[in-house]
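Note sheet for the following structure.
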Amino acid sequence: MANRTYSIMPNKQSYTLKGREGLLRQARVAAISSSVFDGVNSKKAKPEESQRKVGTVFLVGAGPGDPDLLTIKALRCIQQADVVMYDRLVSPEILSLIPSDKDIFYVGKAKGAHSVPQDDTNALLVELAQRGKNVCRLKGGDSFVFGRGGEEMQTLHQEDIQVEVIPGITAASGCTSYAGIPLTHRGLSQGCTLVTAHAEKDLSVNWQALAALDHTLVFYMGLSKLSLISEELSQAGLPLTTPVAVIEKGCTADQRVFISDLAKIKDAIKHEAVVSPSLIVVGKVVSLAKELDWFITQTTEHLDIEQLEKLSA
């Protein structure tokens with residue numbers, strides 16, 4: 001029996017999931033519009049439904065892509081929950097672990113594409129739980145690191161719905177580890193700061209404070225703002241020779257790592273067709289990437305590591 005997969009998108013689509021052992025499983029995608037949420041919100045429970053036990057929502061971090069990085073508890077929840085709601089950054093390999101009899105809802109967001117409003121996602125979580133479903137809310141990385149897990153938990157608590165959080169490996173930790181870049185390193189960095197480069201309107205960042213920290217800086221969702229990040233940090237006092245890495249599709253077989261410095265990183269990836277998800281790492285620890293590299297990928301380097309070591313000295 002194939003998964004019943006609901007995608008809140010305007011047109012009907014289908015996709016194929018490929019498991020780690022090469023098994024293919026075709027999932028049917030039933031197209032339902034955002035009006036489904038309107039119906040969900042307005043539909044009143046029948047008398048017998050009002051006595052039904054309320055389900056639990058599990059906010060599950062799926063990690064940065066490699067299914068082997070899932071926690072045992074996360075895998076157990078994926079396999080035992082009644083319903084799975086997942087985001088765009090959950091890898092196909094992880095989706096293939098969902099049992100075929102589960103209902104799946106895609107509620108992802110992508111720049112320039114149809115996205116499900118967060119309020120609608122919250123409403124669906126509430127509706128499913130109130131119908132007695134145990135819901136695995138599956139998110140890339142960790143739910144509490146730029147994952148809006150806190151917002152969803154607040155909404156659910158307002159409706160007296162029990163929530164459990166299952167942490168996942170966030171991209172800053174997973175992707176840098178797979179790129180051979182330690183977030184902290186004695187003599188190079190005593191701290192790490194995580195920053196989102198995504199904003200609904202203007203990006204509000206204290207660039208002066210970031211530049212003064214002398215920490216490793218990790219920017220999530222920053223690929224389209226790479227020039228802005230470089231310019232603002234340099235204007236705030238960070239040397240143009242500061243090493244920078246762009247990690248594309250980290251923790252997957254398609255991972256690529258591009259290394260340059262603050263002045264040249266934009267040019268370094270200009271003709272490389274780099275796509276999201278990509279993580280931007282700024283700091284002296286990037287100079288260790290070649291020495292500590294262990295994950296065999298399509299890694300591309302645009303500055304000699306000896307030059308980077310001189311720049312970061």
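Worth saying up front: this structure is predicted, and the values here are computed from it rather than measured.
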Interatomic distance, Q158 atom CD to T155 atom OG1 [nearest 0.5 angstrom]: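 Q158 atom CD to T155 atom OG1 measures 5.5 Å (nearest 0.5 Å).
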Let me confirm one number: the CD1-NE2 distance from I269 to H271, rounded to the nearest 0.5 Å.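 It is 11.0 Å, given to the nearest 0.5 Å.
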Can you list everything that forms a side chain to side chain contact (heavy atoms under 4.5 Å, CB included) with E232? Sequence neighbours excluded, please.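 E232: side chain to side chain contact (heavy atoms under 4.5 Å, CB included) contacts with W207, L228, Q235.
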May I ask whether V107 and M153 are part of the same hydrophobic cluster, defined by side-chain heavy atoms of I, L, V, M, F, W, Y residues being less than 4.5 angstrom apart, directly or through others?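 Yes; M153 is reachable from V107 via cluster members.
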Between D87 and R137, is a side-chain contact (heavy atoms from CB on, under 4.5 Å) present by the stated rule, with each step listed? CA-CA 9 Å; D87 287 342; R137 176 68 174 101; 2.9 Å; yes
Tell me which one of V274, I259, V281, V257 satisfies side chain to side chain contact (heavy atoms under 4.5 Å, CB included) with V246.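 In the set V274, I259, V281, V257, the residue that makes a side chain to side chain contact (heavy atoms under 4.5 Å, CB included) with V246 is V274.
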Could you walk me through whether K133 and D103 pass salt bridge (charged side-chain N to carboxylate O under 4.0 Å, His left out), step by step? CA-CA 11 Å; K133 303 293 185 180; D103 285 341; 5.7 Å; no
Counting only heavy atoms not in E151, do more than 12 sit closer than 6.0 Å to its CD atom?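 Yes, the 6.0 Å shell around CD holds more than 12 heavy atoms from other groups.
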Contact list for [range], test ring pair (Phe, Tyr, Trp, His ring centres under 6.0 Å), sequence neighbours left out:
range: residues 121-141; result: none
range: residues 233-252; result: none
range: residues 273-293; result: none

Got a sec, which residues hit salt bridge (charged side-chain N to carboxylate O under 4.0 Å, His left out) with E164, two or more places apart in sequence or on another chain?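 If we apply the salt bridge (charged side-chain N to carboxylate O under 4.0 Å, His left out) test to E164, skipping adjacent residues, there are no hits.
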Those residues that, when tested against D160, pass salt bridge (charged side-chain N to carboxylate O under 4.0 Å, His left out) (two or more places apart):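 Partners of D160 by the salt bridge (charged side-chain N to carboxylate O under 4.0 Å, His left out) criterion come out as none, since no residue qualifies.
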